[in-house]
2 protein chains.
Amino acid sequence: MNDTDEGVTLWRRVADRLRVGIAEGALGDRLPPETELAERYAVNRHTVRRAIQSLAAEGLLRSERGRGTFVNAASPRLSYPVGPRTRFSENVTAHGQRPAGRLIRSESVRADKALAAMLDCATGAPLFRLDTLSVANGLPLSVSTGFFPADRFPAIVRHYAETGSVTEALKLHGLLDYRRLETRITAEHVQPIDAEHLHLPPDAIVLVSAAVDVDADCRPIQAMRSRFPADRMELVFRP
Amino acid sequence: MNDTDEGVTLWRRVADRLRVGIAEGALGDRLPPETELAERYAVNRHTVRRAIQSLAAEGLLRSERGRGTFVNAASPRLSYPVGPRTRFSENVTAHGQRPAGRLIRSESVRADKALAAMLDCATGAPLFRLDTLSVANGLPLSVSTGFFPADRFPAIVRHYAETGSVTEALKLHGLLDYRRLETRITAEHVQPIDAEHLHLPPDAIVLVSAAVDVDADCRPIQAMRSRFPADRMELVFRP
DNA sequence: GCTAATTTGTTCGTATGTATA
DNA sequence: CTATACATACGAACAAATTAG
C-alpha cells in the first residue's frame, strides 16, 4: 500500500481503489471477502472495513452479514412530477402502476404556530392529522403526514380510509378542485418509523417535501410533509 | 453498561444514551472527551467512537480533531427559490447576502447520450463543462456542473471566470434571456470532492438538482447538475 | 436436517499521528 | 513546548448470520 502516497489516509486510498475496481467491473457483482481484500492491499481488515463503510454510505456498496459485500445495482429512479395540480394517484397511474394509499394513523391535534401560519388559521385551531403510506406495485413510495382543518373536513379520516385517496376524500366533502401553492424540498436521514414503512435501512436518505394545497379561493386545504426514499425517487418540477 | 440489555449492540445503546443526554442538555454544548465517555459508560473508546460516528452521520454531532465533539446547533435552512426564472445571483442577494461564483474547473467534452438528449444536440457534439462553486457570505451554498454547447458559446469559460455569473457570461454571448425548462430533484451522500468544496463531513447529504435551461425559442442553453448541502438549504418551488 | 466453513459485525487492546488549547 | 483530544491503523478474539457439504 504505497502507491502515489499523498497526504491521504490509508482507508481513503483503499476506498479509491475499490471504487475504480467496481467501475471497471474488475471486482464483479460481489466483492471478495474483507480478509482477502486486506491481504491484497496489505492493510488491516479494519482499514478495509472503513473503506467499505465509506462506499456503502455513498450507496455504492451494501454489506450483508454472513453473505458478503455487494455492488449496488444503479436502478433508475422513479419520477414523481410535482406541479400546481399534483395528485398522487394520477402520478403513479401514469407509470402504469396501481396506486394505493393506506392510512397508518390519524389523530386530532391543535394547530401550533407553524401549522397555523401555513393553514392560515388560529393557533390552537382543531386539525386532523393523517399519516398515510403510498404504495405502487407493492413498493412503498412515500409516507406523508397531512394536516386538515377539522371544522371544514370533519369526516376526512373516514373518507380517506374508505377511498385511499386525498383527492377523493376531499371530493366527498364537496371540494372538487385544489392546487399546490408551494413545495419546499430538503433531505435528511430517515426516521426509524418511516424506515419501517418504506422498507429502508436505518441509514437511508429521504427527500422531504413540505407543501401547502389551497382551494380555488386560495384558502389553505392541507399542509403536508411527505418523505420519499431518495434512492428510488426523484421529484420533477416543470413550470 | 447493562441497563435494559435487549438484543441491541453496545454502541447503539451508547448512542441512545448520548442522544437523550444531548436532548436533556445534560451533556452541554460540548461532549466530554471520548476517553471520559468510555470510562463513564464502561466501554472501550472505540465503542464510544462508533456511537459518536452514528450521531454525527445524523447531523446531531460534529467532531473536530484536537478540539472536541460538539452538539450541532439546529439552524434554520436557507431557502433557495426555484422557478422559470431561477438566477443564483438574484436568489442570494434577496437574502441580503453577497453572491460569488468561482470557477473550479473547466473542460472540453463531447456529449454523451444523456447530455445529447437534454441539450437536443448530436451525440459527440462539442461541449464546455464548467464546474463552479457558489458562495454567500463565506458559506459555500452549492457546487454545480454545467454543460454548454461549445459552438454557440465559444468563450463561456473566460466570460464566466471574469464575471462569476452564468447570466452575465451568457449576456456577453448575446443571450439576454433564458428560463428554466425542468428541474429534477433527488438526494444522495456527498462525493468526496464536493465535500471539500462545500466544507461538509464525508458522510453529509446533498440535494441534487438536475436542470435544463432554454432560450426564448426553447432551444437548450445548458444542462446543469447542482449539489446543495441538505442541512443548510431547502429548495422552494412556487408555480 | 445437521454440521462445519465462510463472512460480516462487534468489542476489546495498543500504538502512533495530528491538530488544538 | 506541553498536554489534551480526536484520527488512523494494526492485532486479536468472539458473535451472528449465511452458505456449503
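Within every chain, numbering begins at 1; the chains are lettered A, B, ... in the order of the sequence lines, protein sequences first and strands thereafter. Since the structure is predicted, the reported quantities are computational estimates derived from the model, not experimental observations.
Between B:Leu37 atom CG and C:dC12 atom P there is a gap of 14 Å when expressed in whole angstrom units. Atom CZ of B:Arg50 and atom C1' of C:dT8 are 13 Å apart (whole Å). Spacing between atom CZ of A:Arg62 and atom C1' of C:dG9 amounts to 17 Å, rounded to whole angstrom units. Atom CZ in B:Arg65 sits about 17 Å away from atom C1' in D:dA3, given to the nearest Å. At whole-Å resolution of the value, CD in B:Glu39 and P in D:dT4 are 14 Å apart. We find that CG of A:Leu31 is positioned 19 Å from P of C:dT6, with the value rounded to whole Å. The distance between atom CD of A:Glu64 and atom C1' of C:dT10, rounded to the nearest whole Å, is 18 Å. Across the protein-nucleic acid pair, B:Leu61 atom CG and D:dA5 atom P stand 17 Å apart, rounded to whole Å.
When the options A:Arg65, A:Arg45, A:Arg50 are evaluated for a salt bridge (charged side-chain N to carboxylate O under 4.0 Å, His left out) with A:Glu34, the one that passes is A:Arg45.
Within the 4.0 angstrom heavy-atom criterion, base atoms lie near B:Arg49. Across all strands, B:Arg30 comes closer than 4.0 Å only to sugar-phosphate atoms, never to a base (heavy-atom distances).
Nearest to the side-chain atoms of B:Glu34 among the listed nucleotides D:dC6, C:dT11, C:dG9 stands D:dC6. Closest to the B:Trp11 side chain, of the nucleotides D:dA5, D:dA16, C:dT11, is C:dT11. The side chain of B:Arg67 lies closest to C:dT20 when the candidates are D:dC10, C:dT20, D:dC6.
Side-chain N/O atoms of A:Arg45 include none lying less than 4.0 angstrom from OP1 or OP2 on D:dC10. Considering only side-chain N and O atoms, A:Thr69 lies under 4.0 angstrom from the phosphate OP1 or OP2 of C:dT8. B:Asn44 has no side-chain polar atom (N or O) that falls below the 4.0 Å cut-off from OP1 or OP2 of C:dT11. Not one side-chain nitrogen or oxygen of B:Thr47 sits closer than 4.0 Å to the OP1 or OP2 atom of C:dT10.
Looking at B:Arg129, its side chain never comes within 3.5 Å of a backbone N or O of B:Leu127 through a donor-acceptor pair.
The distance from the CZ atom of B:Arg62 to the CZ atom of B:Phe70 is 6.5 Å, given to the nearest 0.5 Å. To the nearest 0.5 Å, atoms CZ (A:Arg105) and CD1 (A:Ile193) are separated by 9.0 Å.
Ring geometry, B:Phe148 versus B:Phe153: the interplanar angle exceeds 60°, so the pair is classed perpendicular (tilted spans 30 to 60°).
If B:Arg12 and A:Gly66 are placed on DNA chain C by their nearest nucleotide, the residue sitting closer to the 5' end is A:Gly66.
Interface remark: the B:His46 side chain does form a donor-acceptor pair with the C:dT14 base, using a distance-only criterion of under 3.5 Å.
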